[in-house]
Amino acid sequence: MFNYITRRLLQIPVVLFVLSLIIMGLMQLLSPEQRAAAFVTSDKQIENLDLIIEKYHLREGFVVQYKLWAGEVLRGNLGFSRISKEPVLTTIRKRFPASMELALAAFVPIVLVGVWLGTQAATHRDSLLDQLLRVVAIVGWSLPTFVVAIWLVAWIYGGLGWFGIGRLPSSLLIELAGGDFKKYTGLFTIDGLLNGRLDITLEALKRLVLPAAALVIVVSAGIMRVMRSSMLDELGKDYVRTARAKGLAEKTVVYKHARRNALIPVITMAGPMLGRMIGGIVVIELIFNFPGLGEWAAKAALQLDVTTLLAFVMLIGLIMAVANLLVDIAYVVVDPRIRYE
Amino acid sequence: MKKHLFAVIALAALGVASAATPQDTYVYMQSAVFDSLDPVQAYDGASIGVIENVYETLYSFKRDVPGEYEPTLATSYEVKNDGLTYVYHLRKGVQFHSGNPMTCRDVEYSIERILVTMPGDSGAWFYGDALTGYGNDAMTEAKKALGENASQAEIDKFLDAYWQKIEDSVVCDDLYTVRFNLAGPDVAFFAKMLFTAAGVVDSKWAIANGAWSGTEDDWKDWIGVDLRTGYLHNHASGTGPYVLVKWDDKNIVAKAFDGYWGEKPAIKNVLVQAVEEEATRLEALRRGDADRVDVNDWATVNAKVKQMSGVKVWSDPAWSPAGAHVVFFNFNVQGESNPYIGSGKLDGNGIPRDFFSDINVRKAFAYSLDQDAIYNDIYEGKAAWYTMALPPTWPGYDPDIPIRKLDLDKAEAYFKKAWGGKVWEKGFRVTITHNAGNTVRQAVAEMLKANIESINPKFKIDVVPLQWSDYLKAARAKSLPVWPLGWGADYADPDNFIHPFYHSEGSLAKRQNFKNPEFDKLIEYARTLVRPDQQEERFAIYRKIGRMAYDVIPNVPYPRQSPFIITRDNLQGVYYNSMISGDFYWKDLSKK
């Protein structure tokens, strides 16, 4: 197991290197003017297009540009993000915890709801409940995330006045800007506890409810359907019949025996999903004013901020590699028969 | 089941939000993100909207009176030496946020810092134009003057001369008297000094924190640098009524400055948030979580904002934004195998390069633009008319110049006269471009197409959206035949519109190859009228240029949306000044 994990970790730099080559290569398809124009934000700056091209070495070839970038990265400098107007690392340090907090707040209920409903649907196969859940899944699946998000903002927040938007209320934002609140993790829910400020934890939790709910509505459907079919598969197998034959309670058969085995495909699906969610959910971030990685990266893509894009792709590569590793470890936990040697 | 019910109730109790921000707090949710809080670097509305409350200039805009100013860090000023020297007498007893006293040294440092750094993507160029005579940073100017192959010795010599000009341009006569020596007469110098880039920075604090040292020793290291990587990018020490507490990503927090020399503001805490989604901003306004929000257009205001309770829409027909939008005609289209002019000949499949040099063509186009439709349909009647390319509230604007409204009969008559009747006989094909995503410019282009094509079936107009970068590139290459574009003020002087729009060397007129010696002569003459007592004469010249432009038609100005401000109804002290980026200063706000 240890060897396996070490080997997997050693692969990560290779993945990152290939990713950076691809992104840098794709950028070469644009003309220097097009890349420079991405720096221009007002009519006034048009006159300076040539200056910008020279300043950022946009006329140089692929190798020169890649070397310039890689040299800086190896020295620990990921560069300056034109999108967030600060060093890339600073932004990642700020926004990664935000994305993480949101992803975890949504991921846990998504999996729980998905697994629970999937199990219910499978054990009540073709009953009214199953049919109903099928409809729920299709509706959830077909709803665009932004529609659900805007509904929640307009009805629950705007209409009823429940929960809130952003990461914290303005009064706390003002207080924290000047105060001596220590950011240990960058996750307000946890930092609130560590600083002995329960109110901050509560406010932060309150603001996670709506974005997490939007994601649960849209994303759980997938997990639920996978869980259902995998569960049905397991329930039809010999060992389930044996378990029933030896007189085990139906609950034990379903929840202890079958479900544990049925979880494998769900884990396969959930791991990368968590990775993608940590990488940011643009629409949710924008609508709930929750500044995470996704919105930053989306803007970088639109405005051709190569520095930001490269750093973001590296980060996503890293997150996905770790997520996949966690999936492999989770297999072992769920199914002790699985061994990596 | 009981357990679940309990959970739902608990969740709901947790969820009930307290509405309305505190009495001494102002929360503004805007659509744009911040670029830089370094006054020299900032050139966008969102950043300047913060900077103008943190830093102060020698004089500043007077609340809601357009074109009037009041002494701020200076108490009086004099123009000497035929407009080549400006002397400002500074206010005494003014403190920076750091506690340092403000003196002439700080003014000298602040203005020289502009001239040393001259970031290409900032407003530094118009200070350079005025004070050193150079619109670019020293290295760029050196390359321009000496060529690419200049020796290091030549470059050094050039840089030394450049530095000397910087040092001579701002001089402290004593601790509270600052003298500016201009490179040449500049009618707009006083107006330029009102822009936030001229905001006075705490020099001791800046130097202590690693900014330029204020001396010749390290000035070369600061030539043309991107100030977004510097300390002043996200830290501030000015003299303004508000202290920057923190800029964290999309939030900027400021608090009232206890040591402020002027009247203490009523609002103690300010939070400016960049919230890019309009629906989210509107719900926050409805809940009272925001005191002010940005709303994109009048259509949204009418459809969604007006029926909200507790919300106020501030607007006034007299308000007009500090910008102008026009349709440009190119008098001599450039570019090999230019796709926008078809065959390049007057054969019904294109236009000759100098197609628009015939006044009849320009007149026919002007009469084909339905200005009433822009005013009434696009802006829902909430707009300002433009008789010339100058904001209507500015001095030098002439409201009595007529506007050519839609008149297809006249358009037809002029098309028949154009090019000795050949236009009418052969027809033409031309492309009108606009930047993709700008719906107003798209509508202007589509309107021209529909109206002109209805006059004669041989007239063909293609409307082509271009990506912003391609649009700018094509305009710069002088290859666009007809295109709508806007211009926003850099500084509050009409010269900032008259010169770019109407002078052959102006940055906009240049792109349409418009050259008229009479215009050039008048504009150049107006630029020599620098004394305060000559200003009426100068403004009269601008009005004359407006009337000449009506006859010559280098471009067709069209209406602009009139501004509005959306706030909670308990916010007071709101006004509109087109030269203040945030429309008003925070210090004038209060809550009832």
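By convention in this document, chain letters (A, B, ...) are assigned in the order of the sequence lines, proteins followed by strands, and residues within each chain are numbered from 1. Computed from heavy atoms alone, side chains included, the values below leave out hydrogens, waters and symmetry copies.
- Rounding to the nearest 0.5 Å places OG1 of B:T25 at 11.5 Å from CG of A:L173.
- Side-chain contact between B:K246 and A:L176 is absent, with no heavy atoms from C-beta onward closer than 4.5 Å.
- The side-chain contact (heavy atoms from CB on, under 4.5 Å) test applied to A:A213 returns A:L152, not counting sequence neighbours.
- Exactly one residue among A:K85, A:K94, A:R167 makes a salt bridge (charged side-chain N to carboxylate O under 4.0 Å, His left out) with B:D248. That residue is A:K94.
- For chain A, the nearby part of B:Q273 is the side chain; its heavy atoms alone come within less than 4.5 Å.
- For the options A:T91, A:L160, A:V153, heavy-atom pairs under 4.5 Å to chain B are most numerous at A:V153.
- Contact of A:I165 with chain B is made through the side chain alone, with heavy-atom distances under 4.5 Å.
- Residue B:V33 touches chain A through its side chain alone, counting heavy-atom pairs closer than 4.5 Å.
- At a 4.5 Å heavy-atom cutoff, the contact between B:K143 and chain A is made by side-chain atoms alone.
- No more than 12 heavy-atom neighbours from other residues, nucleotides or ligands sit within 6.0 angstrom of CZ on A:F146.
- For A:E285 and B:K250, the salt-bridge test fails: no basic side-chain N is under 4.0 Å from an acidic carboxylate O.
- Counting non-hydrogen atoms of other residues, nucleotides and ligands closer than 6.0 Å to CG of B:D258 gives a total of 12 or fewer.
- Nearest heavy atoms, B:T280 versus A:I287: OG1-O, 2.6 Å.
- Going from atom CZ of B:R228 over to atom CD of A:E86 covers 13.0 Å, rounded to the nearest 0.5 Å.
- The candidate from B:V27, B:N269, B:D249 with the greatest count of non-hydrogen atom pairs under 4.5 Å with chain A is B:D249.
- B:A274 touches chain A through its backbone: at least one of N, CA, C or O sits under 4.5 Å from a heavy atom, while the side chain does not.
- Residues that satisfy the side-chain contact (heavy atoms from CB on, under 4.5 Å) test with B:L244, not counting sequence neighbours, are B:L37, B:A236, B:I252.
- For a residue to count as touching a neighbouring chain, one of its non-hydrogen atoms must lie under 4.5 Å from one of that chain's; by this rule B:S36 does not touch chain A.
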Stepwise side chain to side chain contact (heavy atoms under 4.5 Å, CB included) test for A:N289 and B:E277: CA-CA 8 Å; A:N289 190 30; B:E277 175 56 42; over 6 Å; no
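- For a residue to count as touching a neighbouring chain, one of its non-hydrogen atoms must lie under 4.5 Å from one of that chain's; by this rule A:I150 touches chain B with the side chain only.
- Atom OH in A:Y157 sits 10.0 Å away from atom CZ in B:R286 (nearest 0.5 Å).
- Residue contact with chain B, scored on non-hydrogen atoms closer than 4.5 Å, is absent for A:E203.
- Looking at B:D44, there are no atoms closer than 4.5 Å to chain A (heavy atoms on both sides), in backbone or side chain.
- Under a cut-off of 6.0 angstrom, the local environment of NZ in B:K255 is sparse, with at most 12 non-hydrogen atoms contributed by other residues, nucleotides or ligands.
- Atom NZ of A:K299 has more than 12 neighbouring heavy atoms from other residues, nucleotides or ligands inside a 6.0 Å radius.
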